[in-house]
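Quick caveat, the model's predicted, so the values are computed rather than measured. Naming convention: chains lettered A, B, ... in sequence-line order (proteins, then strands); numbering from 1 in each chain.
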Amino acid sequence: MTNIPEGSKRPITTSAIGIGLATGAYGLSFGAISVASGLSALQTQTLSLLMFTGASQFALVGVLGAGGGAIAAVLTAWLLGARNGLYALHIAPTLNLRGLLKPVAAQLTIDESTAMSIAHDHPATHSRHAFWATGISVYVLWNIGTLLGALGASAIGDPAVLGLDAAIPAGFLALLWPRLRDRTAWAIAAGGATVALVLTPLTRSGVPVLASALIAVFAGYRLRDRT
Amino acid sequence: MIWAAVLLGSLGCYLEKLFGFILPPTLLDRPMIRSVAALLPIAMLSALVAVQTFGDGQSLVIDARVAGVAVAVVALLLRAPFLVVVLVAAISAALLRALGVAS
């Protein structure tokens with residue numbers, strides 16, 4: 001009876017490991033796609049170790065692979081990563097961190113760790129446990145997945161023959177899918193895709209995707225008081 | 001150039017995370033910023049799907065990738081996990097090419 005608080009943390013840990021394993025599978029496809037896009041295995045692994053935010057990583061290698069250039073690739077990754085800053089803002093009071101733990105927690109602040117922390121918001125110790133367990137589990141397994149995927153793709157060879165160039169848009173689609181929760185989201189997605197396709201013949205590669213960000217800015221301005 | 005993109009991109013993405021912990025909340029916690037940051041992934045991921053499906057440099061083409069993405073949609077509707085979605089897309093495109101049906 002006395003150890004209920006400790007005991008009830010175990011399901012959180014189990015979920016955290018489950019989420020880590022699922023993201024490890026994403027990591028596998030990220031590693032393969034990154035190498036197929038022309039990055040070395042070392043560059044690919046560096047992204048998973050240092051950038052550690054899936055959508056931005058996929059976008060960076062996608063834009064580079066399509067010949068969009070480094071500047072467009074970096075800007076796209078940054079714009080996609082902006083939400084992590086707001087996650088950090090949101091969970092900082094619960095995590096209540098001091099000193100060196102802040103920069104460590106920052107690196108682990110992603111969709112999964114934030115969602116788990118918010119889902120177990122009571123009591124605060126559980127929320128903190130959910131954040132750290134999920135963050136560490138995803139970090140470790142995402143990086144292992146990346147390594148295996150990158151080495152696997154290096155061994156296979158010509159990506160077009162194997163259809164890996166179709167895996168890239170499929171990967172983006174799978175990242176987008178869970179965010180298409182309502183009609184507003186569908187409308188914004190349709191707007192982003194349209195802007196990008198219209199601009200593709202008119203601008204250099206990399207610009208169309210950046211320009212689609214304007215749809216989010218416009219919609220965000222219109223919807224600013226709804227969230 | 002690739003290394004520059006990898007390192008600069010990583011630095012920026014890390015700072016975005018760190019800012020949320022160290023900057024005063026009043027600076028970031030505005031309805032407009034919240035709303036835009038939440039919507040950016042939707043607009044941009046969708047743009048990436050479109051460009052990576054139909055783009056070939058500056059031209060738009062229809063090739064085996066379209067079939068791959070269509071199969072991916074079916075997999076997503078069937079609630080397949082990420083890795084399966086990506087794999088079936090790659091395999092369908094590769095098959096169509098091997099059969100000479102699509103380029």
Structural part of A:F52 lying under 4.5 Å from a heavy atom of chain B: both
Among the listed options B:A4, B:G12, B:G68, the residue most often paired with chain A at heavy-atom distances under 4.5 Å: B:G12
Chain B contact via A:T76 - side chain, backbone, both or neither, heavy atoms under 4.5 Å: both
Heavy-atom contact with chain A under 4.5 Å, split by part of B:V84: neither
Closest approach of B:V36 to A:A216 (non-hydrogen atoms, all atoms of both residues): CG2-O, 4.0 Å
Considering all heavy atoms, the nearest B:C13-A:A77 contact: SG-O, 3.6 Å
Most chain A-contacting option - heavy-atom pairs closer than 4.5 Å, from B:L60, B:V85, B:V66: B:L60
For chain B, the option from A:A211, A:A55, A:A170, A:A66 that forms the most heavy-atom pairs under 4.5 Å: A:A170
Chain B contact via A:S56 - which portion, at a heavy-atom distance below 4.5 Å: side chain
Steps toward salt bridge (charged side-chain N to carboxylate O under 4.0 Å, His left out) verdict (B:R65, B:D56): CA-CA 11 Å; B:R65 289 174 299 174; B:D56 184 10; 5.7 Å; no
Donor-acceptor side-chain pairing of A:S127 and A:S117 below 3.5 angstrom: yes
Contact winner vs chain B - A:A196, A:G38, A:G145, A:A22, heavy-atom pairs under 4.5 Å: A:A196
Contacting moiety of B:L27, where chain A heavy atoms sit under 4.5 Å: neither
Pairs of heavy atoms under 4.5 Å with chain A: top-ranked of B:M1, B:E16, B:Q52, B:K17: B:K17
Portion of A:I110 that has a non-hydrogen atom of chain B nearer than 4.5 angstrom: side chain
Pick from A:P103, A:A59, A:G67 with the largest number of heavy-atom pairs that fall under 4.5 Å of chain B: A:P103
Options A:G85, A:P169, A:G192, A:G81, ranked by heavy-atom pairs under 4.5 Å with chain B, top entry: A:P169
Per-residue contact mode, B:I33 against chain A (heavy atom under 4.5 angstrom): both
Part of B:F19 lying under 4.5 Å from any heavy atom of chain A: neither
Contact origin within A:V195 toward chain B - heavy atom pairs under 4.5 Å: neither
Heavy-atom neighbours of A:W186 CH2 exceed 12 at 6.0 Å: no
Chain A contact via B:I22 - side chain, backbone, both or neither, heavy atoms under 4.5 Å: side chain
Residue part contacting chain B, namely of A:L60, when any heavy atom lies under 4.5 Å: side chain
Heavy-atom proximity to chain B below 4.5 Å, by part of A:L97: side chain
Other residues, nucleotides, ligands: >12 heavy atoms within 6.0 Å of B:I62 CD1: no
Residue part contacting chain B, namely of A:A105, when any heavy atom lies under 4.5 Å: both
Between A:Q57 and A:W142, a side-chain donor and acceptor under 3.5 Å: yes
Side chain, backbone, both or neither of B:T53 within contact of chain A (heavy atoms, under 4.5 Å): both
Check: A:V104 main-chain N/O paired with A:Q107 side-chain donor or acceptor under 3.5 Å: no
Main-chain N/O of A:A189 paired with B:S46 side-chain donor or acceptor, under 3.5 Å: yes
Side chain, backbone, both or neither of A:L176 within contact of chain B (heavy atoms, under 4.5 Å): both
Heavy atoms from other residues, nucleotides or ligands near CD1 of A:I118 exceed 12 (cutoff 6.0 Å): yes
Among the listed options A:L79, A:I215, A:L108, the residue most often paired with chain B at heavy-atom distances under 4.5 Å: A:L79
Residue selection (most heavy-atom pairs with chain A, distance under 4.5 Å) from B:L48, B:L18, B:L45, B:V6: B:L48
Pairs of heavy atoms under 4.5 Å with chain A: top-ranked of B:D63, B:V88, B:L83, B:L23: B:L83
Heavy-atom pair with the smallest gap, counting every atom of A:L86 and B:A37: CD1-CB, 3.2 Å
B:L76 backbone acceptor or donor facing B:R79 side chain under 3.5 Å: no
Donor-acceptor pair between A:N84 and A:T109 side chains, under 3.5 angstrom: no
Largest heavy-atom contact set with chain B, pairs under 4.5 Å, which of A:P93, A:A219, A:G171, A:S205: A:G171
Residue part contacting chain A, namely of B:P25, when any heavy atom lies under 4.5 Å: both
Side chain, backbone, both or neither of A:L95 within contact of chain B (heavy atoms, under 4.5 Å): side chain
Closest non-hydrogen atom pair between B:Q58 and A:R204, with its separation: NE2-CA, 3.3 Å
Contact class of A:V61 relative to chain B, heavy atoms under 4.5 angstrom: neither
Expected output: side-chain A:S37 to main-chain A:I33 donor-acceptor under 3.5 Å: yes
Leading residue by heavy atom contact count with chain A [cutoff under 4.5 Å; candidates B:V49, B:V51, B:V71]: B:V49
Per-residue contact mode, A:W78 against chain B (heavy atom under 4.5 angstrom): both
Polar contact flag, side-chain donor to acceptor under 3.5 angstrom, A:S113-A:T134: no
Smallest separation among heavy atoms of B:A64 and B:L96, with atom names: CB-CB, 4.5 Å
CG (A:L100) with more than 12 external heavy atoms under 6.0 Å: no
